[in-house]
Amino acid sequence: MSSLPATLTVDLGALARNYHTLEALTGRPVNPVVKADGYGLGAIAVAKRLMAEGARTFFVARAAEGVILRDALGAEPTIYVLDGAHGENVGLIRAANLRPVLNQPVQVENWLSSGGGACGLQIDTAMNRLGYRVENAPEPFEGLELVMTHLACADEPSNPLNRQQRDAFDAVSQKYPGVTRSFANSGGCFLGEDFGFDVVRPGICLYGGGPEGKPHDKIAPVATLTAQVMQVRDVPVGETVGYSQGFKVETPVTVATCGAGYADGVLRSYSPKGQVWINGGLRPIIGRVSMDVLAVDVTGLDVKAGDSVEIFGTNRNIDEAATAAGTISYELLTSITPRVPRLYVG
Ligand SMILES: *Cc1c(COP(=O)(O)O)cnc(C)c1O
């Protein structure tokens, strides 16, 4: 029995609904973040659909991601590169008419001395990651179109740091009258009216992850990762399943071997707590996830080769799958490897 490969089904209709949900919730233009190949879903397909829904400004991390998007989307949309303008990528940025988000003095100098032009500026209000410290924020300069900062704890609505960052950003952005202000990522979109500023900048909630790392009733699942059962066997007491005897059989068990493994992006950390949706219910992953296959306890179920199992998606919420695997939805999505075909529906 040959099996279909593990497949990532991307519901573009659900993506569109999440986009409009965030637009309605914030009352602000939504500028989607489509870095890391659209969080693994396929940046071109995702951005094209979001453009059809009205999006005109996108964010990527790397200049090379922006170049791919520019080719696919044509000249119209604005594309910001969060990495900014360091020496090597200025040529790419200029050739593809991208806008760097400048985050330190050397980048501003680089950009201005290479001809300047439309760009953004990142102010660091808590993360100590990228951007100017508030007290070092530069004077306004020619070409500055966007000023932004990034929330450190947007997934914790009651964390007082959120408002401190909001107030710090509000104060520093007074320096740049007429420049578009961008503050909120996905979690920030849910913090309330005064966290919206001019445009919002969500990623994960567009793709079906909840703003607090758990399912949210306003956010629709977008990505569904499925695999096929390849073989079903009964295993008697005393035997083991998988590498390193990862699962010891203590009562007779029926095992379904499914065609998805860590080389598809099903992290090894899915075991021992991971579960998959099969035949209308959740069943545990048993033993170690291996490169190409994983084992599921299907005892008592009517399961046969060719049946489909869902690792996350419409039936098994991605945040719950991520929690079971000891990680976050972002990592589950961006871990899905190129050998997994993306199937677009909706
Ligand atoms: C990734 C990223 C975002 C999007 O964050 P989500 O939590 O996925 O909404 C927004 N802004 C910056 C600077 C980012 O790096």
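Keep in mind that what you see is a predicted model, and the values were worked out from it rather than measured. For this chain, numbers begin at 1 and follow the sequence in order. Remember, it's 1-based here, ligands and their atoms both numbered in the order they're listed.
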**Request:** Examine the side chains of Thr78 and Arg56 and answer whether a donor and an acceptor come within less than 3.5 Å of each other.
**Result:**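 No, Arg56 and Thr78 have no side-chain donor paired with an acceptor closer than 3.5 Å.
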**Request:** With Glu310 as reference, evaluate Asn315, Thr224, Thr226, Thr9 under the side chain to side chain donor-acceptor pair (under 3.5 Å) test and give the passing residue.
**Result:**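 Exactly one candidate clears the test, Asn315.
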**Prompt:** Out of Met148, Lys35, Arg201, whose heavy atom is nearest to atom 2 (C) of ligand 1?
**Reply:**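 When every heavy atom of Met148, Lys35, Arg201 is considered, Lys35 comes closest to atom 2 (C) of ligand 1.
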**Request:** From the options Gly131, Ser186, Ala36, select the one whose nearest heavy atom is closest to atom 9 (O) of ligand 1.
**Result:**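 Heavy atom nearest to atom 9 (O) of ligand 1 belongs to Ser186.
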**Asked** Taking only heavy atoms of Val33, which atoms of ligand 1 are found under 4.0 Å from at least one of them?
**Response**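 Reading through ligand 1 atom by atom, the close ones are 3 (C), 4 (C), 10 (C).
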**Asked** Is the shortest distance from a Lys or Arg side-chain nitrogen in Arg28 or Glu23 to a carboxylate oxygen in the other one below 4.0 Å?
**Response**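 Looking at Arg28 and Glu23, the cut-off is not met.
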**Item:** Salt bridge Arg181-Asp198, side-chain N to carboxylate O under 4.0 Å
**Value:**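 Result for this pair is yes, salt bridge flagged.
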**Request:** Answer yes or no on whether Arg99 is positioned over the face of Trp111, meaning its NZ or CZ is under 6.0 Å from the six-membered ring centre and within 45° of the axis.
**Result:**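 Output no; distance or angle outside limits.
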Within-shell test, [X] vs ligand 1, heavy atom, strictly < 4.0 Å:
X: Tyr330; value: yes
X: Tyr39; value: yes
X: Arg129; value: yes

**Prompt:** Which one holds for Ile204 and ligand 1: side chain close, backbone close, both close, or neither close, with close meaning a heavy atom under 4.0 Å?
**Reply:**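 Within the 4.0 Å criterion, Ile204 contacts ligand 1 through backbone and side-chain atoms alike.
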**Asked** Any N/O of Pro202 closer than 3.5 Å to an N/O of ligand 1?
**Response**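 Among all N and O atoms of Pro202, none is under 3.5 Å from an N or O of ligand 1.
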**Message:** So, taking the atom named CZ in Phe312 and the one named CG in Leu332, what distance separates them when rounded to the nearest 0.5 Å?
**Reply:**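 Rounded to the nearest 0.5 Å, the CZ-CG separation comes to 5.5 Å.
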